[in-house]
Amino acid sequence: MSIRSTTNAWGVLARVFHWGMLVLYAGLIGVGYYMSDLPMSAAKMKIYALHKSVGVLMLLLVVLRVLWRWMDRRPSITPTAAWQQRIATVVVGGLYLLMFALPLTGWAYNSAAGFPLRWFNVYNLPALMEASPTLKVWMKEAHESGAVIFMAVIGLHALAALKHHFIDRDQTLMQMLPGRRGDR
Ligand code: HEM
């Protein structure tokens, strides 16, 4: 299997971005819900710091992913009804938008709350906005609602992939699964 995508299947790098980032998003979402209910302690602060650092890392990864997608070719699309292709484009576009929006709203919330942001204990990152009680409420709401919408859109995307596999019986899912499957 090659690093670059072919007309039959996604390449290694596209698959690593897809599945690797999915695992990291699942971890961030799980930890996000878990940490906010914890009583105040040094451990809670460490978990928050980790969530924030990995969250900012996702911003960097999504920039690299978009660049790679732009440079890479894409496998040919299995013929589907035009309306289904339009929905798929909107869903994938929404996913990319949310992959940027979630870290940015988290970072903005952190800034509006007046907290410092030290990336993996190495760099101090700047605030995205001034500290403000009103902005803090809005950004918290945006980050939390964004996470719910993100999970719903990922769910839709996964259902569409399963429909391709089990109902249409085409290669769409196989082209993205890890391993050599679909790479013919
Ligand atoms: C892709 C990246 C990210 C994802 C998927 C994500 C996801 C989540 C989720 C699911 C929650 C729990 C929401 C709730 O309790 O309803 C959360 C909370 C939180 N996130 Fe993120 N997050 C990301 C990035 C960031 C970043 C970059 C920061 C800050 C720099 C951040 C700061 C926070 C904070 C401070 C909370 C706690 C909110 C509270 O006070 O309850 N997040 N995040």
Side-chain angles (χ1 to χ4, degrees), residues 10 12-72 88-162 176-178:
W10 293 100
V12 173
L13 204 50
R15 295 186 202 206
V16 167
F17 273 128
H18 185 276
W19 297 107
M21 286 177 75
L22 180 66
V23 169
L24 291 172
Y25 284 125
L28 274 169
I29 292 172
V31 167
Y33 285 119
Y34 169 73
M35 69 185 192
S36 36
D37 290 335
L38 289 176
M40 186 52 77
S41 68
K44 175 170 177 155
M45 289 299 101
K46 278 195 182 140
I47 298 172
Y48 264 65
L50 185 66
H51 176 88
K52 293 180 201 177
S53 291
V54 178
V56 171
L57 174 69
M58 299 312 279
L59 194 56
L60 189 69
L61 289 178
V62 74
V63 169
L64 296 176
R65 182 171 178 176
V66 168
L67 283 175
W68 179 246
R69 177 153 181 169
W70 177 64
M71 288 159 54
D72 195 18
T89 307
V90 171
V91 168
V92 172
L95 282 172
Y96 275 101
L97 202 72
L98 286 158
M99 285 192 279
F100 281 97
L102 270 161
L104 285 173
T105 52
W107 190 344
Y109 168 49
N110 194 68
S111 312
F115 291 125
L117 183 52
R118 202 162 157 73
W119 196 55
F120 290 112
N121 243 341
V122 179
Y123 293 114
N124 289 322
L125 295 175
L128 288 186
M129 57 179 60
E130 68 198 54
S132 139
T134 315
L135 288 175
K136 178 183 162 186
V137 173
W138 286 359
M139 290 306 128
K140 184 176 196 285
E141 189 57 48
H143 192 57
E144 292 177 354
S145 314
V148 174
I149 298 169
F150 193 41
M151 287 187 282
V153 182
I154 290 175
L156 275 179
H157 177 68
L159 280 179
L162 293 175
M176 183 51 100
L177 281 182

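Both ligands and their constituent atoms are indexed starting at 1 by order of listing. The residues of the chain are indexed from 1 along the displayed sequence.
Looking at heavy atoms from C-beta onward, Leu117 lies out of side-chain contact with Tyr123 at the 4.5 angstrom threshold. Counting only heavy atoms from C-beta outward, the side chains of Val91 and Val153 approach each other to under 4.5 Å.
A donor-acceptor distance shorter than 3.5 angstrom exists from the side chain of Arg15 to the backbone of Leu177, with no hydrogens or angles considered. Judged by distance alone, with hydrogens and angles left aside, the side-chain atoms of Asn124 form no donor-acceptor pair with the main-chain N or O of Arg118 at under 3.5 Å. In terms of modelled atom types and a separation under 3.5 Å, the side chain of His143 and the main chain of Leu102 share a donor-acceptor contact. For Ser111 (side chain) and Leu128 (main-chain N/O), a donor-acceptor pair under 3.5 Å exists by modelled atom type.
Less than 4.0 angstrom separates some heavy atom of Leu117 from each of these atoms of ligand 1: 30 (C). The Trp107 neighbourhood of ligand 1 comprises atoms 28 (C), 29 (C), 30 (C), with distances under 4.0 Å to a heavy atom of that residue. Which parts of ligand 1 touch Met35 is read off a 4.0 Å heavy-atom cut-off, strictly below it: atoms 18 (C), 19 (C), 20 (N), 34 (C), 36 (C), 37 (C). Taking every non-hydrogen atom of Ile29 and a distance limit under 4.0 Å, the qualifying atoms of ligand 1 come out as 5 (C), 10 (C). The atoms of ligand 1 that sit less than 4.0 Å from any heavy atom of Val56 are 27 (C).
Counting only distances under 2.8 Å, and ignoring water, the protein N, O or S atoms around atom 21 (Fe) of ligand 1 are His51 NE2, His143 NE2.
Here Tyr25 has side-chain heavy atoms under 4.0 Å from ligand 1, and that is the only part of it that gets that close. At a 4.0 Å heavy-atom cut-off, ligand 1 does not touch Leu59 at all. In Met99, neither the side chain nor the backbone holds a heavy atom less than 4.0 Å from any atom of ligand 1.
Between Pro103 and the options Leu59, Leu28, Val56, Val54, a side chain to side chain contact (heavy atoms under 4.5 Å, CB included) holds for only Leu59. Just one of Lys136, Lys52, Glu144 meets the side chain to side chain contact (heavy atoms under 4.5 Å, CB included) condition when paired with Tyr109; it is Lys136.
The OG atom of Ser53 sits 13.0 Å away from atom CE of Met58, with the distance rounded to the nearest 0.5 Å.
Looking from atom 13 (C) of ligand 1 to the surrounding protein, the closest heavy atom is Glu144 CG, 3.6 Å. Shortest contact from atom 15 (O) of ligand 1 to any protein heavy atom: Ser36 OG, 3.3 Å. Closest to atom 39 (C) of ligand 1 among all protein heavy atoms lies Lys140 CE, 3.7 Å.
Dense packing is recorded around OH of Tyr33, with more than 12 heavy atoms of other residues, nucleotides or ligands lying under 6.0 Å away.
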For Met139 and Trp107: C-alpha separation, side-chain torsions, deciding distance, then whether side-chain contact (heavy atoms from CB on, under 4.5 Å) applies. CA-CA 9 Å; Met139 290 306 128; Trp107 190 344; over 6 Å; no
